[in-house]
Amino acid sequence: MSKRSVHLDIRGMSCATCAESITASLHGLEGVSEATVNYATDEATVEYDPDEASLAAIYAAVDDAGYEAVSTSVSIAITDMTCANCAETNEQALERVPGVISAAVNYATDEATVEYDPAETDHERLYEAIEDAGYSPVRDDGSDGSESERRDTAHEGEIRRQRRLTLFGAALSLPLIAFMVEKLVLGGGALPETVFGLELGWVEFLLATPVQVVLGRPFYANAYKAVVRNRRANMDVLIALGSSTAYLYSVVVLLGVLAGSMYFDTAALILVFITLGNYLEARSKGRAGAALQHLLELEADTAAVVDADGDETEVPLDEVAVGDRMKVRPGERVPTDGVVVDGRSAVDESMVTGESVPVEKEAGDEVVGSTINENGVLTVEATKVGSDTALQQIVHTVKEAQSRQPDIQNLADRISAYFVPVVIANALLWGVVWYLFPEALAGFVGWLPLWGLVAGGPAAAGGTVSVFEFAVVVFASAVLIACPCALGLATPAATMVGTSIGAGNGILFKGGDVLERAKDVDTVVFDKTGTLTEGAMELTDVVPLNATSATDDSETAADGGTRTVSGGTEATTNRTDEATVLHAAASAESGSEHPLARAIVDGAEERGIHLTDPEDFENVPGQGVRATVGGEAVLVGNRTFVRHNGIDPSVAAEELDRLEGEGKTAMLVARGDALLGLVATADTVKGSAEEAVAALHDRDVSVHMITGDNERTAAAVAEAVGIDPANVRAGVLPEDKSAAIDDIQRDGRTAMMVGDGVNDAPALATAVVGTAIGSGTDVAIEAADITLLRDDPLDVVKAIRISDGTLRKIRQNLFWALGYNTAMIPLASLGLLQPALAAAAMAFSSVSVLSNSLLFRRYTPDHDYELLGFLR
């Protein structure tokens, strides 16, 4: 058994028992032979068999125990991948590095995303792993410039290199094209036998050899590394086989060893066409990632920092620290995320939220870095800087989404893994078959209209080339026509564009897998408050009651109420007013941060009521609050809460029904053992909620609503937005929301939960797709798969449309990639294509898939994405 030891830094331990819990969790993993967790140093050492347990599983075990093992992530650009097999080779090389938790390599973005244990490895080891696999990482060499700038520089350098190679090869190949046309079209004899004293064959040799050396060297070197070092075949192997076969066969004929035609023109054009394809592909990749680059370019370069004396100093953006105050004038970009401390202005937040209407900002309001100040002067205090800003987090989320590919990519990966060996075997098979049975095959394909594109077929069928020569041509064409690159690009290219479209519309997908799942949603479950409604509750009603309580005191009530004696027990009727009810309710609720509580407190303060600080405050989630105000116990909550505390709520039933029927949230207020009255708050339904529900219904998506509010209020909101009353669940406690989602999904439904609060986080995690409104809490956003940067429920529909459109585009790409290979490989195997034409088609297939994906950039999710019917 092989053994490996790993060192982990652990966060979250507070006692020795924590260390024991982590140790037990680690020992429960198969393959872990020893685990030592030290609470004093917050460290763990784990010895395990890498063949049975992975580092990712060890990290998951720590997480399952309720703690966090420290890890970090890095993105590394790789400049010379040529197909999906190259990406897989790099991925496997990185995963073999001790300390690497996971690695994902995206051929479409030429980028590796690696999560690793910083205590076990570093960037240098990751770079070395990529280089050992035969590829070139873009190193962080300590030079000036950000990571993205280094990546862009390397990418632009690659584009320039491919352009120079293409032009060099094209210049030498132009005369060869003339020779090819003369032979194929004019039948030969139109050109002189010698040029500058040299036979035409030697002229072709002198023109084709530099192309083989200069353009062919990268392909031959990569093919050697793929086969010898990595024990696998990639696209470079196919190109090297096709080009070298044509070139070496021509050399043999030129030297007189064999009789036949020469294919120097074909050997050169193969490399020129493929290099041209690489150049166009590199340019297309740059355009596909332009959306993210555009976002990063929106950052301000400097900030006007204001000191305590009011003096301004312009400093580079990376020197701004949390707490610094910055002056932002009209037309300038807000340098970092912050809060307005002075001034008033409208701010254009369209680059973050996609919302074109500027948002009014004043003291106390939050602003997002890189948004544009429209008119007034603002003084902003920085709250997040550097990589913590909203813009950088958006870019990070989108890049993470692009590294996590949809499951449909597994199909392409499985095909690509076997594709090149199968293509080589197929080419060898048909080359041998053509050599052994030329007459039979020629008789079969002779009637086809394309017959004759390869110099009229073999001599055995009445053609002009020998059987052996024709078999060589078939072999070269069959290896060149196949293109695993198109398959490798089909999914990541469309995913890259789809996630960028989402980011441009304020919709962040956490992964390509999320992008794939969202389209399959058949049920959307909305939380009510803050999701379908504005979430800005306002106090609307204060209703005093003639409260009655039981007592055995026969004296006159101290508050002036009257008593009537019946059977030795007296009933006391207390006359209250709105101020008394509101004072009790707001004083008790002043200890809570709940939106309903804030609405009651704000309403009392607006009415000039002086509040009393509560004592013994207790919040009962989903029911109400209990506190001592002025020495008396005060309850504010729903029927259940009041009843459980020994007070009969029936006296307020009529008023409760009335308020709830109006769609308001009503709460009973009790002091001592008597009801004082009711307070009610209301929340406005969002303007686009009804349109969003209607759009979902148009997609045959069932819409549900779940809320902790009472049934009457929930029913009123449901009616306003068009949700079927049968799909409304009211009075659901926070801890029961996830169970409600489980119940919905138990029948085989695929549910998306949409919420914005801390109490929505478990439900968001339980749903197949969790969607958090971006203005919601960080906990909700962390638990969600999709984050909506705006408070617009219509963006839920847009997220589903983007998902649907992206997957349709992926299927279209796969259709063309697979269809191309399905159609062209048989043609090449039957001897119906020139090798040069096969190489041109191979290059075109990758460019066509990328171009098809780039067309998707024009899509806006205001409507469904439409494709040809047979591709839906």
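In this text, all values refer to a predicted model and were calculated from it rather than measured experimentally.
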Is the closest side-chain heavy-atom distance between D9 and D42 below 4.5 Å?
-> no
Under 4.5 Å between any side-chain heavy atoms of D785 and R517, yes or no?
-> yes
Counting N and O atoms only, with roles assigned by atom type, does the side chain of T23 sit under 3.5 Å from a partner on the main chain of A19, one being a donor and the other an acceptor?
-> yes
Taking atom CZ of R229 as the centre, does the number of heavy atoms from other residues, nucleotides or ligands within less than 6.0 Å exceed 12?
-> yes
Taking side chain as C-beta onward, heavy atoms only, is T36 less than 4.5 Å from E34?
-> yes
What pairs with Y116 under side chain to side chain donor-acceptor pair (under 3.5 Å), at least two apart in sequence or on another chain?
-> H123
Give the intermediate values and the outcome of side-chain contact (heavy atoms from CB on, under 4.5 Å) for residues I274 and N278.
-> CA-CA 6 Å; I274 296 295; N278 289 345; 4.2 Å; yes
Scanning both residues in full, the closest heavy-atom pair of A133 with T89 reads CB-CG2, 4.2 Å
Would you indicate whether the side-chain heavy atoms of C18 and Y39 approach each other to under 4.5 Å?
-> no
Do the non-hydrogen side-chain atoms of I501 and V497 ever get within less than 4.5 Å of each other?
-> yes
Short question: side chain of R125, backbone of E120 - any donor-acceptor pair under 3.5 Å?
-> yes
In chain order, what residues pass the salt bridge (Lys or Arg N to Asp or Glu O under 4.0 Å) check against E43, with sequence neighbours excluded?
-> none
Do the side chain of T302 and the main chain of P316 share a donor and acceptor less than 3.5 angstrom apart?
-> no
Can you tell me if K809 uses its side chain to pair, donor with acceptor, with the backbone of A494 under 3.5 Å?
-> no
Listed by chain and number, what are the ring-ring contact (aromatic ring centres under 6.0 Å, His included) partners of F856, not counting sequence neighbours?
-> Y859, Y865
Closest non-hydrogen atom pair between K519 and E516, with its separation = CG-O, 3.2 Å
Between the side chain of R11 and the main-chain N/O of V70, is any donor-acceptor distance below 3.5 Å?
-> no
Name all residues meeting the salt bridge (Lys or Arg N to Asp or Glu O under 4.0 Å) criterion together with E30; count only those two or more places apart in sequence or in a different chain, and write none if there are none.
-> none
Residue set satisfying salt bridge (Lys or Arg N to Asp or Glu O under 4.0 Å) with R163, at least two apart, ordered chain then number -> none
Taking S25 for its side chain and S21 for its backbone only, find out whether a donor-acceptor pair lies under 3.5 Å.
-> no
What's the shortest heavy-atom distance between A103 and L94, and which atoms?
-> CB-CB, 3.8 Å
Set of residues satisfying salt bridge (Lys or Arg N to Asp or Glu O under 4.0 Å) with respect to E156, sequence neighbours excluded = none
Between A44 and I10, the two heavy atoms sitting closest are CB-CG1, 4.0 Å
Quick one: closest heavy-atom pair of F509 and A799, and the distance?
-> CZ-O, 3.5 Å
T389 side chain vs G386 backbone, donor-acceptor pair below 3.5 Å = yes
Hey, are the side chains of Y279 and L276 touching, using non-hydrogen atoms and a 4.5 Å cut-off?
-> yes
Can you list the residues that meet the side chain to side chain donor-acceptor pair (under 3.5 Å) rule with E131, with sequence neighbours excluded?
-> R139
Results of side chain to side chain donor-acceptor pair (under 3.5 Å) for N813 - residues two or more places apart only | N852, S853
Do Y48 and L26 have side-chain heavy atoms sitting under 4.5 Å apart?
-> no
V385: what forms a side chain to side chain contact (heavy atoms under 4.5 Å, CB included) with it, not counting sequence neighbours?
-> V320, V322, T336, A382
Could you name each residue pair satisfying salt bridge (Lys or Arg N to Asp or Glu O under 4.0 Å) that touches residues 491-506, not counting sequence neighbours?
-> none
Quick one: side chain to side chain contact (heavy atoms under 4.5 Å, CB included) partners of F168, sequence neighbours excluded?
-> L172, P210, V214, L215
Just by modelled atom types, is the I507 backbone N or O under 3.5 Å from a matching donor or acceptor in the N505 side chain?
-> no
Examine distances only and state if a side-chain atom of S243 and a backbone atom of I239 form a donor-acceptor pair shorter than 3.5 Å.
-> no
Residues passing the side chain to side chain donor-acceptor pair (under 3.5 Å) test with S71, sequence neighbours excluded, are E115
Would you check if V420 and I424 make a side-chain contact, meaning some heavy-atom pair closer than 4.5 Å?
-> yes
How close do T495 and G512 get, heavy atom to heavy atom, and via which atoms?
-> CG2-CA, 4.0 Å
